[in-house]
Amino acid sequence: MAGSGLAASSQPQRSGGRRAEGSNADWMGSLAPALSTFPLAHLAIPGSHDSFSYWVDEKSPVGPDQAMAIKRLAKISLVKKLMKKWSVTQNLTFKEQLEGGIRYFDLRVSSKPGEVGQEIYFIHGLFGIKVWDGLMEINTFLTQHPKEAIFLDFNHFYAMEDQHHIYLINRIREAFGSKLCTMEYVENVTLQYLWEKSQQVLIFYHYPLYQEYPFLWPGNKMPAPWANTTNVHKLLQFLETTLGERAEHGTFHVSQAILTPRVKTIARHLIRGLKNTLVHRNLPMILNWVKRQKPGVMGVNIITSDFVELVDFAATVIALNDLLLEGHRAVTKS
């Protein structure tokens, strides 16, 4: 990838799977009017894990998020090709994810050691596109869909000093401007609240500098417990347990419905990659768990998945909001 961003010949290549359906592009604006007054923390919102990883650069150095042993091995070109099979967790670009209904994005970023300047890139083992390019793609969608709101969760930073953070924060402000939602009591933030202020973007920033910028929300307002397991039954039990421990007030909540390969998993299935080893066979069971959930106080809020287009993930999560509406109608009738 050239230093100036993605050239036409370097556009993200997908490894298969159908495209996300565009019918969910305006789902927030199309919700029943009553739901626009519910706190966003009580709605069911689909998200993606390692949202940016649809394209990684095999030609760039291995990222600073990797152990030294991996960096040494990666000098062999075949190793980077194999790394890509385990680094990529999404097939769809930001635009395609947004059109498919995804509204929460899990973001890991890094400077590129040895590169002149302070440019910041997405990273998951290998470097992805420039953060700026991703932000601009997202902003274009938001301009075209003014009733949609998104969560950008910057939760891992690598090879970044304060000056890198200041550069990135300024780029975020430059990209979204008045669309940024300033820090507020979580329960006050409803779709109606955002529409009245013409705000669409909530930025969660897991680094102390957030305190100096009113449009950055602290990372502790977006807890995302991680099961760290390859076993789908253990994952589902973990999701149930952590939902039960969710704070009633003051935070959003991410249910990470993802399986994480261990070193031995990767060693045994090196060629097959993440999608073919863990995701394909377990997604139906994970989706069945999603279908049994209910949003609201102490219920599910944001649910994330790998390869969001492989099943009707976003549509399934969005449909859970009908349960909130039924509960609301029952209360108003009584």
Side-chain angles (χ1 to χ4, degrees), residues 12-17 46-58 60-92 97 102 104-110 122-128 153 155-158 224-242 254-290 302-311 313:
Q13 298 296 309
R14 292 184 205 87
S15 51
S48 56
H49 169 240
D50 283 321
S51 310
F52 51 85
S53 65
Y54 54 85
W55 188 88
V56 291
D57 187 1
E58 295 173 44
S60 73
V62 171
D65 59 334
Q66 295 300 297
M68 187 55 69
I70 299 292
K71 291 177 183 177
R72 291 196 191 101
L73 278 172
K75 291 176 181 176
I76 306 166
S77 60
L78 176 62
V79 171
K80 282 191 185 176
K81 291 185 183 301
L82 295 173
M83 278 186 72
K84 182 176 179 179
K85 287 179 174 286
W86 293 91
S87 293
V88 171
T89 67
Q90 302 297 334
N91 286 329
L92 303 180
Q97 290 181 49
I102 299 300
Y104 166 92
F105 296 89
D106 165 37
L107 307 175
R108 300 155 196 235
V109 299
S110 177
F122 294 116
I123 191 164
H124 190 220
L126 298 168
F127 284 99
D153 191 1
N155 52 53
H156 286 70
F157 303 97
Y158 301 96
W226 175 42
N228 192 17
T229 182
T230 59
N231 184 302
V232 68
H233 301 288
K234 289 181 179 177
L235 167 66
L236 299 183
Q237 182 57 56
F238 178 86
L239 292 173
E240 291 289 346
T241 300
T242 50
V254 181
S255 296
Q256 294 198 70
I258 59 167
L259 294 167
T260 304
R262 303 195 186 284
V263 172
K264 64 180 181 182
T265 313
I266 297 172
R268 285 175 186 165
H269 307 282
L270 203 56
I271 306 296
R272 296 186 73 212
L274 177 69
K275 183 166 68 171
N276 293 324
T277 303
L278 287 180
V279 179
H280 257 308
R281 63 191 173 93
N282 290 305
L283 261 182
M285 193 176 295
I286 291 171
L287 196 67
N288 283 335
W289 176 84
V290 172
I302 295 161
I303 308 176
T304 60
S305 175
D306 290 324
F307 300 106
V308 294
E309 83 291 347
L310 293 182
V311 291
F313 171 72

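These values consider heavy atoms only, across backbone and side chains, with no hydrogens, waters or symmetry-generated copies. Residue numbers run from 1 in the order of the sequence given.
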[X] versus [Y]: any side-chain heavy-atom pair under 4.5 Å?
X      : Y      : result
Val88  : Leu274 : no
Val109 : Phe157 : yes
Glu240 : Trp289 : yes

Spatial distance of atom [atom1] ([X]) from atom [atom2] ([Y]) [nearest 0.5 Å]:
X      : Y      : atom1 : atom2 : answer
Thr304 : Gln256 : OG1   : CD    : 4.5 Å
Leu283 : Ile258 : CG    : CD1   : 11.5 Å
Leu259 : Asn228 : CG    : CG    : 10.5 Å
Asn282 : Thr277 : CG    : OG1   : 10.5 Å
Thr229 : Phe238 : OG1   : CZ    : 10.0 Å
Ser110 : Tyr158 : OG    : OH    : 8.5 Å

Minimum heavy-atom distance Leu235-Ala227, with the two atoms named: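 Distance-wise, the nearest heavy atoms are CD1-CB, 3.7 Å.
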Nearest non-hydrogen partners of Val308 and Gly47, listed with the distance: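 Between these two residues, the closest heavy atoms are CG1-O, 3.9 Å.
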Test side chain to side chain contact (heavy atoms under 4.5 Å, CB included) applied to Asp106 and Asn155, Asp153, Val254, the passing residue: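 Passing option: Asn155.
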Check: Gln97 side chain, Ile102 main-chain N or O, donor-acceptor pair, under 3.5 Å: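 Such a contact is absent between Gln97 side chain and Ile102 backbone.
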Under 3.5 Å donor-acceptor, Thr242 side chain and Leu239 backbone: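 Checked: pair present.
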Aromatic plane relationship, His124 with His49 - under 30° parallel, 30 to 60° tilted, over 60° perpendicular: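 The rings of His49 and His124 stand perpendicular, inter-plane angle above 60°.
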Residues Phe313, Ile303; criterion side chain to side chain contact (heavy atoms under 4.5 Å, CB included); working and verdict: CA-CA 9 Å; Phe313 171 72; Ile303 308 176; 4.1 Å; yes
Residues in side chain to side chain contact (heavy atoms under 4.5 Å, CB included) contact with Ser53, at least two apart in sequence or another chain: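 Only Asp50, Thr89, Gln90 meet the side chain to side chain contact (heavy atoms under 4.5 Å, CB included) criterion with Ser53.
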Partner residues of Tyr104 under the ring-ring contact (aromatic ring centres under 6.0 Å, His included) criterion, sequence neighbours left out: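 Not a single residue meets the ring-ring contact (aromatic ring centres under 6.0 Å, His included) criterion with Tyr104.
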